[in-house]
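First comes the structure, then the notes that go with it.
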Protein chains: 2
Amino acid sequence: MPTRKDVAQRAGVSEATVSYALSGKRTISQATRERVFEAMRELDYRPNLMAQALAGGSSSIIALLFPSQERGISNADLEYVLGAASAARELGYHLLLWPTEDRDVSDVASLFQAGLIGGVLLMEVRMKDERLRTLGKAGVPVGLIGRTGAKSDAAIAADRDFQAAMLKATQYLVGLGHTRIGYLSGPQRNIDLKLGAPVRAENGFRSALEATGTTGAVVYCESTIEAGREALGRLSADAPGCTALICLNVEATIGLMQEAIEQGVHIPEDLSIVSIGTPEDFASATTPAITTISSPAEQIGRTAARLLIRSIAGLELPPEQQLWVGELAVRASSGPAPLP
Amino acid sequence: MPTRKDVAQRAGVSEATVSYALSGKRTISQATRERVFEAMRELDYRPNLMAQALAGGSSSIIALLFPSQERGISNADLEYVLGAASAARELGYHLLLWPTEDRDVSDVASLFQAGLIGGVLLMEVRMKDERLRTLGKAGVPVGLIGRTGAKSDAAIAADRDFQAAMLKATQYLVGLGHTRIGYLSGPQRNIDLKLGAPVRAENGFRSALEATGTTGAVVYCESTIEAGREALGRLSADAPGCTALICLNVEATIGLMQEAIEQGVHIPEDLSIVSIGTPEDFASATTPAITTISSPAEQIGRTAARLLIRSIAGLELPPEQQLWVGELAVRASSGPAPLP
DNA sequence: ATGAAAGCGCTAACAT
DNA sequence: ATGTTAGCGCTTTCAT
């Protein structure tokens, strides 16, 4: 394996020059630069990243704390991960996957202290997230996939814009003549846990109703097909008169749709369904295909990684918190409100 | 951040002694060892992994090449990844996620040459996998999640044992009185690509039929719900008289079951279904819940990582190729063959 | 059983 | 514009 020394010799320059040619941290004459790169090419030289990290005090690796919990791993989670990994790669960084069952971040802090990683990406962020304190104390740069409730945490973050997504969905439905809209949420438990997504989604739903002068109701439901079936009954009991339903809960949505079909509730003639964040391939595979506000998961993963890396590298940052809405993709599950 | 030097001073020994106390690569008196560890604890010392890698010429990081392709990311894929990541962690290693759309491995080879990673884990292994040559030439240690067709590749590998799984499924069905069994495969295309899984699964199915003296037929099908619905017709057309179906294709299975129910084909009274490798939570969420041979994906990920790491670390290796079958979990989708 | 010291490949002052 | 050189924190040979 050739080292910087070999390159320097071959190009007839000093080792420092090779370094600077690579990093661009000081001006180099066009001629020398070319000779250096030429030499690198001839030798098929690869800078040793470990040495770079050691000497430079940096590390081109960021860790992604992945919640490998009971909650069940959704595909959206994978999209976050892949988005973050590709973004990292494009910036010359690398993504270390760190599965963890609990919310203990002391071992990632160790990784940072061990010089292995330059920062951490967090998923499943809660409105009030105790992990930020631990990591902050250890001086670990943090990027959030999601965000906390406190503006003051002011961490780097990329998140879904539920407010906007809910409004988009609601306005679409209102435009179709619906005046009473249900919202199929995840289990109540997740709200109690103060998970960011369900909390914000519910708030978003409420604001959207208000903004459009519509009425509606929330139905909580476990994320299983069976629970979704059962939720249909509760919907008509607790929120009679709904002609449209906004869903965040894929499994439950499927169950609910199955049950509806079996009970002779026609979709979309009797009930329109708009799902927020369901992966496209899935949404178009069901019968009827589901109208969605697309999932910006990959974008969010990308953005969070990019922001974190920029901040680590000391580059200028774009606005530190970025929100993503997703696009409305109209499919077969939604249509005009039934005539009264 | 305390360094080894600080620890040495505090313990009143040389830096070398601290190193050896940590690595155990030479004998140290009980007394000194204790003083050293005591000092490390007091200082909250963390060895710098980058320096370790640089000086030691190793690297405690392995990369996992993740196929982020069109084929659609299944949850099983995630299980491989998480299994590998946890196994790595337990052995003091780390998992770098390297998403890639094509089969180009030159950039991982570079990562190896750059000293960042000590080896690579490959997914979506084909019967004849050209990537092994490239990586072999570059001297990169490789572990396979899956395996090639050639015994000579003799790489480190952990894979599903389709032969055994098919036999298990078939014997179970034969025990229920079924004598004609269908197999719902993925698309023909995947066979042509010589992907390991579909090829071996089909072979396994054929051997299982032979071993149990049963007849049957293969139905190819795209991995979508819609295609699955359509496959039901082909099943009865191309393979009339089948009273049981073995499936490898989750989406198609769902579609086929939906269609069956709608057409009045009762499951399991008229048609028994056994799915191989469907995640448990999913299998038990459908109606009827699906009998499965469970997916050993996480085990396979774990094993592949463990084998690779052992080989990198120069430890004794267990048998280099390990196969995993999965357990039969009987649910509602299978039952006695209908009386003729 | 322990120490001293020469690197591992690179970065970043400090020189010129 | 380029070169010299002292580290970064650790491993490992060679001594003792």
Side-chain angles (χ1 to χ4, degrees), chain A residues 1-37 39-40 43-61 92 110-118 313-314, chain B residues 1-37 39-40 43-61 92 110-118 313-314:
Chain A
M1 215 82 314
T3 73
R4 200 206 36 196
K5 195 171 170 183
D6 302 317
V7 176
Q9 255 162 21
R10 178 145 199 142
V13 299
S14 75
E15 308 190 8
T17 302
V18 178
S19 268
Y20 287 116
L22 234 24
S23 68
K25 287 190 182 171
R26 82 182 184 192
T27 46
I28 296 216
S29 76
Q30 188 57 30
T32 4
R33 153 174 287 114
E34 269 164 23
R35 258 184 305 135
V36 170
F37 280 110
M40 296 201 299
L43 295 171
D44 190 28
Y45 166 74
R46 323 261 168 202
N48 182 307
L49 296 178
M50 295 296 186
Q52 260 178 337
L54 180 56
S58 70
S59 167
S60 61
I61 304 179
S110 297
L111 279 192
F112 177 75
Q113 290 160 346
L116 220 222
I117 59 174
Chain B
M1 213 81 318
T3 73
R4 201 207 34 197
K5 195 172 169 182
D6 303 316
V7 177
Q9 256 162 20
R10 177 146 201 139
V13 297
S14 75
E15 309 190 8
T17 302
V18 178
S19 268
Y20 287 116
L22 234 25
S23 69
K25 287 190 181 169
R26 82 181 181 192
T27 46
I28 296 215
S29 76
Q30 188 57 28
T32 354
R33 150 173 289 113
E34 270 164 21
R35 256 183 308 134
V36 169
F37 280 109
M40 296 200 298
L43 295 172
D44 189 29
Y45 167 73
R46 323 262 167 200
N48 182 307
L49 295 178
M50 294 296 187
Q52 258 177 337
L54 180 56
S58 69
S59 167
S60 60
I61 303 179
S110 297
L111 280 192
F112 177 76
Q113 289 160 347
L116 221 221
I117 60 174

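Just so it is clear: chains get the letters A, B, ... in the order the sequence lines come, proteins before strands, and each one is counted from 1.
In this structure, A/T3 reaches the sugar-phosphate backbone alone: every heavy-atom distance under 4.0 Å involves primed, P, OP1 or OP2 atoms, never a base. Counting any heavy atom pair closer than 4.0 Å across all strands shown, B/T17 reaches sugar-phosphate atoms only and no base atom. Among the atoms of the strands shown, none is found under 4.0 Å from any heavy atom of B/V18.
Side-chain contact between B/R33 and B/V36 is absent, with no heavy atoms from C-beta onward closer than 4.5 Å. Two residues are said to be in side-chain contact when any heavy atoms from C-beta on lie closer than 4.5 Å; A/T3 and A/N48 fail this criterion. Looking at heavy atoms from C-beta onward, B/M40 lies in side-chain contact with B/L22 at the 4.5 angstrom threshold.
Taking atom OH of B/Y20 as the reference point, atom C1' of C/dA4 lies 12 Å away to the nearest angstrom. One atom, CE of B/M40, and another, P of D/dG9, lie 17 Å apart when rounded to the nearest Å. Look at CE on B/M1: it is 15 Å from P on D/dC8, rounded to the nearest Å. A straight line from CD of B/Q113 to P of C/dC10 spans 13 Å, rounded to a whole angstrom. Atom CZ in A/R46 sits roughly 20 Å away from atom C1' in C/dC8 (whole-Å rounding). Atom CD of A/E34 is separated from atom C1' of D/dA1 by 16 Å (rounded to the nearest Å). The NZ-P distance, from B/K5 to C/dA4, rounds to 12 Å in whole Å.
A donor-acceptor pair under 3.5 Å is absent between the side-chain atoms of B/S59 and the main chain of B/A53, judged by distance alone.
The side chain of B/S19 contributes no N or O atom lying less than 4.0 Å from OP1 or OP2 of D/dT12. Dashed line: the shortest gap from a side-chain N or O of A/Y45 to OP1 or OP2 of C/dC10 is under 4.0 Å.
Distance OG/B/S14 to NZ/B/K5: 13.0 Å, rounded to 0.5 Å. Here CE of B/M50 is found 6.5 Å from OG of A/S60. Values are rounded to the nearest 0.5 Å. Once rounded to the nearest 0.5 Å, the distance linking OG of B/S23 with CD1 of B/I28 reads 7.5 Å. Here OG of B/S19 is found 8.0 Å from CD of B/Q52. Values are rounded to the nearest 0.5 Å.
Heavy-atom distances under 4.0 Å link DNA chain D to B/P47, B/N48, B/A51, B/Q52, B/A55 of residues 47-55 of chain B, given in residue order. For the segment residues 22-31 of chain A, residues with any heavy atom less than 4.0 angstrom from an atom of DNA chain D are, sorted by number, A/R26, A/T27, A/I28, A/S29.
The side-chain contact (heavy atoms from CB on, under 4.5 Å) with B/R46 is formed by just one residue from the set B/D44, B/L49, B/L43; it is B/D44.
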